[in-house]
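What follows is one structure encoded as structure tokens, with my remarks underneath.
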Amino acid sequence: MTNRTGAFERAERTLRVAIAAVFVIAAGMKLAALEFEVSGFARFGYAPWFMYVVGAGQLAGAALLLTRGFAGAGALLLAAIMVGAVGSHLRAHDPLAMALPAALLLALLLGIAYARRREWLGGLRIAGLRS
């Protein structure tokens, strides 16, 4: 391993830990049904139970993001949730600045998913979904 490769891997690991922490906090707020989360999901027109599904998905994605061999899958799961978040803000006609944090996380997660593509492509191959 070259110094450059090692530096990249350390930076990517640090980014994954930081993003996982963000999603653990976000999941906790949803699972605790904090008032602003409840009102936000209601404003977007979602059923109350959906907030718990998203929170559980965020928690699962954060755990996968930190698990060897599953970080790529975690990044893809969280990226899908962020696509929903960006779409919800846009559909609600929120100012673009409100969708910006989710869009930034989406971009970072897609970068991690790309960097970890061998993990999730290998999983698809094992599952028989890819040759």
Side-chain angles (χ1 to χ4, degrees):
M1 175 184 328
T2 66
N3 285 340
R4 187 173 178 176
T5 303
F8 173 79
E9 288 178 1
R10 284 189 300 278
E12 189 256 355
R13 185 179 323 119
T14 301
L15 180 62
R16 284 189 293 115
V17 169
I19 290 174
V22 167
F23 280 104
V24 166
I25 292 167
M29 292 188 295
K30 287 171 184 65
L31 297 174
L34 295 184
E35 180 55 38
F36 85 94
E37 291 286 0
V38 172
S39 63
F41 273 76
R43 187 173 60 79
F44 290 142
Y46 298 128
W49 60 264
F50 188 64
M51 178 182 66
Y52 298 105
V53 170
V54 171
Q58 289 177 325
L59 201 55
L64 288 170
L65 201 58
L66 298 175
T67 304
R68 182 184 300 266
F70 293 95
L76 287 174
L77 172 59
L78 293 170
I81 293 170
M82 290 300 94
V83 167
V86 170
S88 295
H89 283 292
L90 296 178
R91 193 180 57 163
H93 303 291
D94 288 340
L96 287 178
M98 289 184 74
L100 194 58
L104 176 60
L105 284 168
L106 173 59
L108 293 171
L109 288 162
L110 289 175
I112 292 169
Y114 180 77
R116 296 283 180 157
R117 65 192 175 278
R118 287 188 179 95
E119 289 176 1
W120 55 268
L121 286 174
L124 290 176
R125 204 170 289 114
I126 290 168
L129 299 174
R130 186 169 189 272
S131 56

Output the rest of the hydrophobic cluster of Leu34: all Ile, Leu, Val, Met, Phe, Trp and Tyr residues reachable through side-chain heavy-atom contacts under 4.5 Å, sorted by chain and number. Ile25, Met29, Phe36
In the hydrophobic clustering (ILVMFWY, side-chain contacts below 4.5 Å, transitive), which residues join Leu100, or is it alone? none
Main-chain N/O of Tyr114 paired to Arg117 side chain as donor or acceptor, under 3.5 Å: yes
So, does Glu119 use its side chain to make a donor-acceptor pair with the main chain of Ala71 at under 3.5 Å? yes
Nearest 0.5 Å, what's the OG-CE distance between Ser88 and Met98? 11.5 Å
Does CZ belonging to Phe70 count more than 12 external heavy atoms closer than 6.0 Å? no
Residue pairs passing the salt bridge (Lys or Arg N to Asp or Glu O under 4.0 Å) test with at least one member in residues 97-110, sequence neighbours excluded, are none
Any carboxylate oxygen within less than 4.0 angstrom of a Lys/Arg side-chain nitrogen, looking at Arg16 and Glu12? yes
Do Val83 and Leu76 land in one hydrophobic cluster if side-chain heavy atoms of ILVMFWY residues count as linked below 4.5 Å? no
According to a hydrophobic-cluster definition based on side-chain heavy atoms being under 4.5 Å apart (Ile, Leu, Val, Met, Phe, Trp, Tyr only), do Leu31 and Val24 belong together? yes
For a quick test of reading the model, state the closest non-hydrogen atom pair linking Leu59 to Ala27 and the distance between them. N-CB, 3.8 Å
Hey, what's the ring geometry for Phe41 with Phe44, parallel, tilted or perpendicular (30° and 60° as the breaks)? perpendicular
